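What you see is a predicted model; the values in this text were computed from it and never measured.
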Amino acid sequence: MVPPAEFRSYYGRPIVKPPVWTHDVAAYLFTGGLAAGSALVAAGADLTGRPALRATGRVAALAAVGASGYLLVKDLGRPGRFLNMLRVAKPTSPMSMGTWILTAFGAAAGAAAVAEAAPYLPRRGALGLAARALPTAGRVGGLVAAGTAPALATYTAVLLADTAAPSWHEAYPRLPFVFAGSALASGGAAGLIGAPVAEAGPARTLAVAGAALELTATHGVEHRMGLLSEPYRTGKAGRLLRAARLLTAAGAVGALVGARSRAVSALAGVALLAGSAATRFGVFEAGRASAEDPKYTVLPQRERLAARGDA
């Protein structure tokens, strides 16, 4: 009897070149989602008269997009490479579009966050004029950031699915929903941590809805792609995604039962943030693992060829 084949290498090399990205990119996936979710929370709070929740969302969005910019430049190696990417807008390139999305979002989120300084400025002179103009500028900036937020939350999923890493590429119909849910959950979590319970209702709703979407979409990635779901359930990625599932579920429950408790709401927010981060790192590790093991390239190809032959 011939033993089962073990696909280890192709002339000593992986069939698919593993991604060269470091964990800075995994962190970038998280901070981008947090920025997007926080901007949505802030815009909703602004339109419904919740100043503390608005300020929390705006500051969180600016801090997260600032971290995203730092992580992206660090991965590229030097700031000039980021600026060079802005010389051309290429609609067919997720990286090119993502750079423009991040830039537009960052400018709008920055304007919205700066507007929170208006109450602390003098009421006379040039600073007085600025104090009167900032609320309007902040609302416009906040709405622009919120309008850009869905693209910021999901373009990284398209970017991963556009690579040759088998488990990322196969997940292209589901990965944007995983990232969208994660972004909503993390943005709502920031609101639960930073805003009083009297204003945190919309953040609570967004956090629970995002958690439900994230858990549902992640389950599909883990179980509905045949062999290519395996990297999401095993190894380091499997451990991270199991932790993400527990943290996200616990955070959603805490958000629901802690509607009258600032402490419980804050703990729920911390759990949701940790769950969102673990999801992003888990997805990142799963794609890397699938690229390093040739069986995730060879066996699905053979299955597709066999199906065509049967047809």
Side-chain angles (χ1 to χ4, degrees), residues 28 30-74 79-80 82-87 89 97-153 155 183-184 186-204 206-207 262 266 269 273:
Y28 173 77
F30 167 68
T31 56
L34 173 59
S38 297
L40 290 171
V41 168
D46 186 31
L47 295 174
T48 56
R50 293 176 167 87
L53 181 60
R54 180 196 67 208
T56 296
R58 287 178 173 179
V59 172
L62 180 60
V65 78
S68 294
Y70 166 77
L71 291 166
L72 181 57
V73 169
K74 185 180 178 184
F82 178 85
L83 296 176
N84 284 337
M85 294 179 70
L86 295 175
R87 295 172 61 188
M97 290 295 95
T99 303
W100 280 99
I101 290 166
L102 183 68
T103 302
F105 178 93
V114 168
E116 292 301 318
Y120 306 101
L121 296 177
R123 311 311 296 177
R124 296 180 179 179
L127 290 178
L129 291 174
R132 290 189 289 274
L134 278 176
T136 300
R139 171 162 288 190
V140 172
L143 292 175
V144 171
T148 316
L152 180 64
Y155 96 86
L184 294 176
S186 61
L192 291 175
I193 294 170
V197 292
E199 293 190 15
R204 195 178 311 279
L206 198 69
R262 181 72 181 269
L273 283 178

### Value rounded to 0.5 Å, distance of OH in Y155 from OG1 in T148
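Reported value, rounded in 0.5 Å steps: 13.0 Å.
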#### Entry: From CZ (R123) to CG (L129), nearest 0.5 Å
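Going from the CZ atom of R123 to the CG atom of L129 covers 10.5 Å.
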#### Entry: Test salt bridge (Lys or Arg N to Asp or Glu O under 4.0 Å) applied to R50 - qualifying residues, sequence neighbours left out
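R50 satisfies salt bridge (Lys or Arg N to Asp or Glu O under 4.0 Å) with no other residue.
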### Message
In the structure I gave you, are the side-chain heavy atoms of T48 and L53 within less than 4.5 Å of one another anywhere?
### Response
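No, too far: nothing below the 4.5 Å cut-off.
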Donor-acceptor pairs are to be reported for all side-chain atoms of residues 32-45 against protein atoms at under 3.5 Å, with residues two or more places apart or in another chain.
residue, atom, partner, partner atom, Å
S38, OG, L34, O, 2.8

Heavy atoms only: give me the nearest [X]-[Y] pair and the separation to one decimal.
| X | Y | result |
| --- | --- | --- |
| L273 | S186 | CD2-O, 3.6 Å |
| A108 | V144 | CB-CG1, 3.7 Å |
| A189 | A207 | N-CB, 4.2 Å |
| I101 | A151 | CD1-CB, 3.7 Å |
| A112 | G138 | CB-O, 3.7 Å |
| R262 | L192 | NE-O, 4.4 Å |

### Message
With salt bridge (Lys or Arg N to Asp or Glu O under 4.0 Å) as the criterion, how do R54 and E199 come out once you've worked through the C-alpha distance, each side chain's angles and the decisive distance to 0.1 Å?
### Response
CA-CA 9 Å; R54 180 196 67 208; E199 293 190 15; over 6 Å; no
### Query
What pairs of residues pass the salt bridge (charged side-chain N to carboxylate O under 4.0 Å, His left out) test when at least one of them lies in residues 132-141, not counting sequence neighbours?
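Every pair satisfying salt bridge (charged side-chain N to carboxylate O under 4.0 Å, His left out) with a residue in residues 132-141: D46-R139.
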### Query
Do R58 side-chain atoms and A115 backbone N/O form a donor-acceptor pair below 3.5 Å?
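No.
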### Query
Which is it for L47 and L143 under the side chain to side chain contact (heavy atoms under 4.5 Å, CB included) test, yes or no, and what are the steps along the way?
CA-CA 9 Å; L47 295 174; L143 292 175; 4.1 Å; yes
